[in-house]
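Heads up, the thing below is written out as structure tokens.
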Amino acid sequence: IVKELDNEQIDVVRKFNVLVDTHYKTKRKVSEYAELLFKSPKTLSNLFSIYNQKSPQQIILDRLALEAKRLMIFSDKQNQEIAYELGFNDPAHFSRFFKKMTGHSPSQYRELERISA
């Protein structure tokens with residue numbers, strides 16, 4: 001049963017999503033966004049749970065993966081350049097993250113996109 005949210009709670013959810021779109025390259029922790037919203041990380045998690053949404057952490061990771069996919073499809077940047085642009089210090093860490101999020105390595109993903117285009 002989804003509890004109804006009041007306008008203030010909906011506004012917090014909306015602001016969180018805007019902040020993620022703005023800062024996903026530099027802020028990866030829910031606590032960083034909670035601080036910007038003057039809320040606790042637990043409060044944010046509870047709000048998203050009540051609203052029957054993905055967890056705040058999952059939203060952050062999904063946004064990062066979406067941008068990685070976008071850069072792979074629409075730019076000529078190498079995987080290493082994309083990793084650094086998205087705030088990963090180690091391209092191998094980026095590759096593991098990307099594979100976990102998409103089921104494919106960055107190179108496999110590019111190849112699949114070329115085939116389907």
Side-chain angles (χ1 to χ4, degrees):
I1 298 173
V2 177
K3 209 169 114 182
E4 283 196 31
L5 296 178
D6 62 32
N7 285 338
E8 182 184 335
Q9 291 170 316
I10 292 170
D11 205 36
V12 170
V13 171
R14 188 178 301 117
K15 285 178 182 176
F16 174 82
N17 284 298
V18 169
L19 286 171
V20 170
D21 277 343
T22 306
H23 300 287
Y24 64 90
K25 289 182 183 178
T26 57
K27 297 185 187 316
R28 302 276 172 81
K29 296 178 181 175
V30 175
S31 60
E32 294 172 305
Y33 292 99
E35 189 175 307
L36 292 172
L37 292 166
F38 305 105
K39 303 287 181 193
S40 74
K42 187 68 176 163
T43 299
L44 281 182
S45 294
N46 288 341
L47 264 180
F48 280 82
S49 177
I50 291 168
Y51 199 45
N52 210 17
Q53 294 289 308
K54 294 177 185 176
S55 73
Q57 186 63 47
Q58 192 59 48
I59 290 170
I60 296 165
L61 296 176
D62 286 350
R63 180 62 181 93
L64 203 54
L66 176 67
E67 186 64 14
K69 289 181 200 175
R70 190 186 74 74
L71 288 169
M72 284 182 199
I73 295 169
F74 298 111
S75 79
D76 294 330
K77 295 180 180 181
Q78 299 296 316
N79 295 340
Q80 182 175 352
E81 292 175 285
I82 292 170
Y84 291 131
E85 183 173 332
L86 295 178
F88 289 88
N89 294 326
D90 179 12
H93 182 234
F94 169 72
S95 290
R96 286 190 302 275
F97 163 80
F98 192 84
K99 183 160 185 155
K100 180 180 173 191
M101 295 298 292
T102 66
H104 302 286
S105 71
S107 300
Q108 290 170 330
Y109 183 81
R110 282 181 192 264
E111 189 59 35
L112 289 170
E113 284 301 314
R114 280 193 200 106
I115 292 169
S116 67

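Residue indices begin at 1 and follow the sequence shown. Because only heavy atoms are used, hydrogens play no part in the values below, and waters and symmetry mates are left out as well, while side chains stay in.
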query = Do you know the tightest heavy-atom contact between Ala83 and Pro91?
reply = CB-CA, 4.0 Å
ask   = Is Glu113 reaching over with its side chain to a backbone N or O of Lys69, donor-acceptor style, under 3.5 angstrom?
value = no
request  = Please answer whether the main-chain N or O of Ser105 pairs with a side-chain N or O of Gln108 as donor and acceptor at a distance below 3.5 Å.
outcome  = yes
key: salt bridge (charged side-chain N to carboxylate O under 4.0 Å, His left out) partners for Asp90, two or more places apart   = none
ask   = Can any side-chain N or O of Thr22 pair as donor or acceptor with the backbone N or O of Val18 at less than 3.5 Å?
value = yes
key: Nearest-0.5 Å distance that lies between atom OH in Tyr24 and atom CG in Asp62   = 13.5 Å
query = Going hydrophobic residue to hydrophobic residue with side-chain gaps under 4.5 angstrom, can you get from Ile60 over to Leu66?
reply = no
Closest non-hydrogen atom pair, Val20 against Ile59 = CG1-O, 4.2 Å
inquiry  = Can you pull out every side chain to side chain donor-acceptor pair (under 3.5 Å) where at least one residue sits in residues 32-43? Sequence neighbours excluded, please.
reply    = Ser40-Thr43
key: NZ on Lys77 to CE on Met72, rounded to 0.5 Å   = 12.0 Å
task = Could you give me the CA-CA distance, side-chain angles and deciding distance for Leu61 and Arg28, then say whether side chain to side chain contact (heavy atoms under 4.5 Å, CB included) is met?
result = CA-CA 8 Å; Leu61 296 176; Arg28 302 276 172 81; 5.5 Å; no
remark   = Here the pair of heavy atoms bringing Ala68 nearest to Ile82 is CA-CG2, 4.4 Å
Worked check of side chain to side chain contact (heavy atoms under 4.5 Å, CB included) between Ser95 and Asn79 = CA-CA 8 Å; Ser95 290; Asn79 295 340; 5.7 Å; no
task = Supply the atom-to-atom distance Leu44 CG to Lys15 NZ, rounded to the nearest 0.5 angstrom.
result = 12.0 Å
Cluster check Tyr84, Met101: I/L/V/M/F/W/Y, side chain < 4.5 angstrom = no
ask   = Got a second to check how far Leu36's CG is from His23's NE2, nearest 0.5 Å?
value = 5.5 Å
ask   = Atom CD of Gln9 and atom CG of Asn46: how far apart are they, to the nearest 0.5 Å?
value = 10.5 Å
message = Set out, in order, the CA-CA distance, both residues' side-chain angles and the distance that settles side chain to side chain contact (heavy atoms under 4.5 Å, CB included) for Asp21 and Asn17, then state yes or no.
response = CA-CA 6 Å; Asp21 277 343; Asn17 284 298; 5.7 Å; no
message = Can you tell me if Lys54 has over 12 outside heavy atoms packed within less than 6.0 Å of its NZ?
response = no
task = Would you mind reporting whether Ile73 and Tyr109 have side-chain heavy atoms less than 4.5 Å apart?
result = yes
query = Within 45° of the ring axis of Phe74 and under 6.0 Å from its six-membered ring centre, is that where the NZ or CZ of Arg110 lies?
reply = no
request  = Indicate yes or no: at least one non-hydrogen side-chain atom of Phe48 is less than 4.5 angstrom from one of Gln58.
outcome  = no
key: Close side-chain approach of Ser45 and Ser55, heavy atoms under 4.5 Å   = no
query = When rounded to the nearest 0.5 angstrom, what distance separates CG in Asn89 from CZ in Phe94?
reply = 13.5 Å
request  = Determine whether His104 and Lys99 make a side-chain contact, defined as any pair of heavy atoms from C-beta on separated by less than 4.5 Å.
outcome  = no
ask   = Does Glu111 pair with Arg114 as a salt bridge, N-O distance under 4.0 Å?
value = yes
ask   = Using 30° and 60° as the class limits, which term best fits the ring planes of Phe97 and Phe88: parallel, tilted or perpendicular?
value = tilted
